[in-house]
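For reference, the structure discussed in these notes is given below.
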Amino acid sequence: MRRRRLAPLLAVGVTATLAPALATSTASAAPAATPSTASSSAATGGLDRYVKQKPQWKRCRAESPAEFECATIKVPLDYRAPGGKRIDLAISRVKSTAPGKRHGVLFSNPGGPGGQGLYMPLSLRERLPKSARQRYDFIGFDPRGVGESSPVSCGLKPAEENWLRPYKKETFAKDVTWARHVANKCRKKAGDTLPHLTTRNTARDMDLLRAILGEKKISYLGYSYGTYLGTVYTQLFPGRADRFVLDSAVDPARAWRGMIQWWAEGAEPAFDRWTEWAAERSEKYGLGDTPKKVDRTFWDLVAQADEKPIEVEGQPTTGDDIRSGMRQAAFTPKYATEGIVELKKAAAGKPASAKKLAAFVGSERSGTAGAAGDAAEVPSDNMSASFWAVVCGDNSAAWSRDPESYRRDAIEDKGRYPLYGDFASSIKPCAFWDKSREPATKVNNKVGSLIVQNEWDPQTPLPSGQALHADLKGSKMVTVIGGEGHGVYPNGNACTDGTVTGYLLTGKLPAKDVTCKATADSNAEARKNQKRDVLPGSPLPERAPDRF
């Protein structure tokens with residue numbers, strides 16, 4: 001089933017003692033764990049009943065491998081009131097293939113917000129080396145509110161899920177109405193649940209699951225949004241974090257409006273790189289023999305499509321579609337060049353390859369419409385609802401309540417970042433979302449972790465990974481020079497795979513940051529990994545730019 005993508009896509013205590021209280025409670029179920037120095041008898045007592053759960057493992061699906069097992073546990077909707085409403089958390093595992101060599105558990109997350117992680121262990125079983133399969137039980141889960149974990153819904157129709165709305169003076173009022181309508185609809189449909197569907201609470205769920213499994217610590221492999229989830233875990237539970245791999249990283253300080261805006265900022269240098277690449281190959285592609293001429297070719301096509309949409313197999317493609325498609329395509333110059341060549345043919349009324357034009361023909365026009373998961377009971381708008389819950393609820397302070405401020409930002413950013421600035425900065429439902437229950441997570445710790453980043457990542461640009469590296473004082477970073485695509489490990493590159501696998505097996509970080517060079521094969525593999533965020537996966541719904 002083809003899934004939709006969302007976009008790129010925090011935490012401090014609900015009270016000063018909440019995180020320590022959870023740590024104390026979970027420690028009581030796992031005696032080997034280091035007790036927290038703080039405690040809260042009420043909270044501890046409330047969580048003890050959760051920790052005592054015994055997962056009833058069974059084969060996930062009749063057609064799935066026998067060793068791939070699933071179960072459902074209960075977690076508190078509100079960790080401040082653990083005696084209140086409970087929700088389901090769907091979990092999965094593939095046990096170590098060599099118990100005598102087992103080190104522990106490897107949790108995972110594929111991205112989002114809104115990405116389903118239940119099937120991650122099956123993917124890791126197929127892709128990670130034998131040595132890693134021997135060393136870990138692979139643990140997956142659908143984050144709270146997602147997929148099979150008490151899925152949330154706002155009752156949104158497909159048209160209401162479309163949030164890729166470039167700024168235009170004549171439509172801005174309608175966009176404001178849309179944003180307010182989505183927020184109100186979510187509040188009416190799931191107002192009691194949405195405030196608790198945050199990254200901080202998902203991190204707390206992870207620690208509760210750790211205790212239920214009887215583990216002292218967890219290791220972790222997270223992609224895109226999953227890097228933020230892992231980072232928040234290290235901040236809340238530094239003593240529980242073992243070996244953490246954060247692949248294609250989110251800058252915590254920019255969650256979440258700033259990360260969406262970074263799509264626009266990051267696209268501009270990628271676009272410049274593309275014009276140089278295409279100009280060097282002008283004899284083959286004919287887009288211009290200088291970067292300036294290639295640039296002109298592109299913007300002439302945008303202007304033509306703005307005047308009259310370009311038809312490709314009956315599908316109208318507007319100038320906004322072309323700009324939106326190029327935002328991601330530019331990070332892979334050959335792909336972008338072939339697409340523009342075909343677009344020129346279509347603009348001239350000649351037959352064109354729809355396959356090569358996939359990035360530009362409606363590729364990012366639909367919102368998050370479509371089912372978020374395979375299970376029939378998952379609401380069709382689950383990906384959108386869970387996406388907005390996190391993006392708006394993690395840090396409401398990042399979102400202005402003044403619609404006119406979004407107009408000003410969109411106009412300014414379209415001038416600064418013409419490819420995508422107005423898409424990124426125009427109004428979103430978060431402008432009308434309820435205030436966050438907790439302040440945003442300030443990340444600043446010394447937990448050991450390994451950050452892995454492609455130089456040319458369309459979803460989480462290189463500066464984003466570098467910013468996380470600076471926040472995590474105990475981290476080391478692997479940078480893939482020339483690396484393209486969102487998601488790196490594993491990609492067949494001996495340098496990157498060797499470094500990451502070595503860390504997972506030994507727990508020893510490199511003595512210093514590592515620089516690897518991309519290969520043609522590793523770039524192709526990394527680009528395919530964007531599917532991790534198709535859930536999003538990448539978010540974003542079926543076609544908005546892949547999420548974080």
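Ring geometry for F271 versus W274: interplanar angle of 30 to 60°, hence tilted.
Take E311 and apply the salt bridge (Lys or Arg N to Asp or Glu O under 4.0 Å) test, not counting sequence neighbours, and it matches no residue. Under the rule for a side chain to side chain donor-acceptor pair (under 3.5 Å), the partners of N445 that lie at least two apart in sequence or sit in another chain are T234, Q235. Contacts of S396 classified as side chain to side chain donor-acceptor pair (under 3.5 Å), with partners at least two apart in sequence or in another chain: S436. Residues satisfying the salt bridge (Lys or Arg N to Asp or Glu O under 4.0 Å) test with D192, not counting sequence neighbours, are none. For the salt bridge (Lys or Arg N to Asp or Glu O under 4.0 Å) test, no residue two or more places apart in sequence or in another chain qualifies with D306. Partners of T72 according to the side chain to side chain contact (heavy atoms under 4.5 Å, CB included) rule, which considers only residues two or more places apart in sequence or in another chain, are D88. Every residue two or more places apart in sequence or in another chain that forms a side chain to side chain donor-acceptor pair (under 3.5 Å) with Q261 is listed here: S425. Residues satisfying the salt bridge (Lys or Arg N to Asp or Glu O under 4.0 Å) criterion with D320, sequence neighbours excluded, are K168, R323. Scored by the side chain to side chain donor-acceptor pair (under 3.5 Å) test, T177 finds no partners at all (sequence neighbours excluded).
Pairs of residues two or more places apart, or lying in two chains, that qualify as salt bridge (Lys or Arg N to Asp or Glu O under 4.0 Å) and include a residue from residues 248-271 are R254-E265, R257-D409. For the disulfide (SG to SG under 2.5 Å) condition, the pairs that include at least one residue of residues 386-420, sequence neighbours left out, are C392-C430.
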Pairs under 3.5 angstrom only: tabulate donor-acceptor contacts from the side chains of residues 183-190 to other protein residues two or more places apart or in another chain.
from: N184; atom 1: OD1; to: R187; atom 2: NH1; distance (Å): 2.6
from: N184; atom 1: ND2; to: R180; atom 2: O; distance (Å): 3.3
from: K185; atom 1: NZ; to: G155; atom 2: O; distance (Å): 3.0
from: K185; atom 1: NZ; to: E160; atom 2: OE1; distance (Å): 2.9
from: K185; atom 1: NZ; to: E160; atom 2: OE2; distance (Å): 3.2
from: R187; atom 1: NE; to: D434; atom 2: OD1; distance (Å): 2.9
from: R187; atom 1: NE; to: D434; atom 2: OD2; distance (Å): 3.4
from: R187; atom 1: NH2; to: F432; atom 2: O; distance (Å): 2.5
from: R187; atom 1: NH2; to: D434; atom 2: OD1; distance (Å): 3.3

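Counting only N and O atoms by type, the side chains of D394 and T199 include a donor and acceptor under 3.5 Å apart. At a cut-off of 3.5 Å, with distance as the only test, no side-chain donor of Y50 or D205 sits close to an acceptor on the other residue. A donor-acceptor contact closer than 3.5 angstrom is absent between the side chains of S449 and Y220.
Y225 and W256 have their aromatic ring centers within a separation under 6.0 angstrom.
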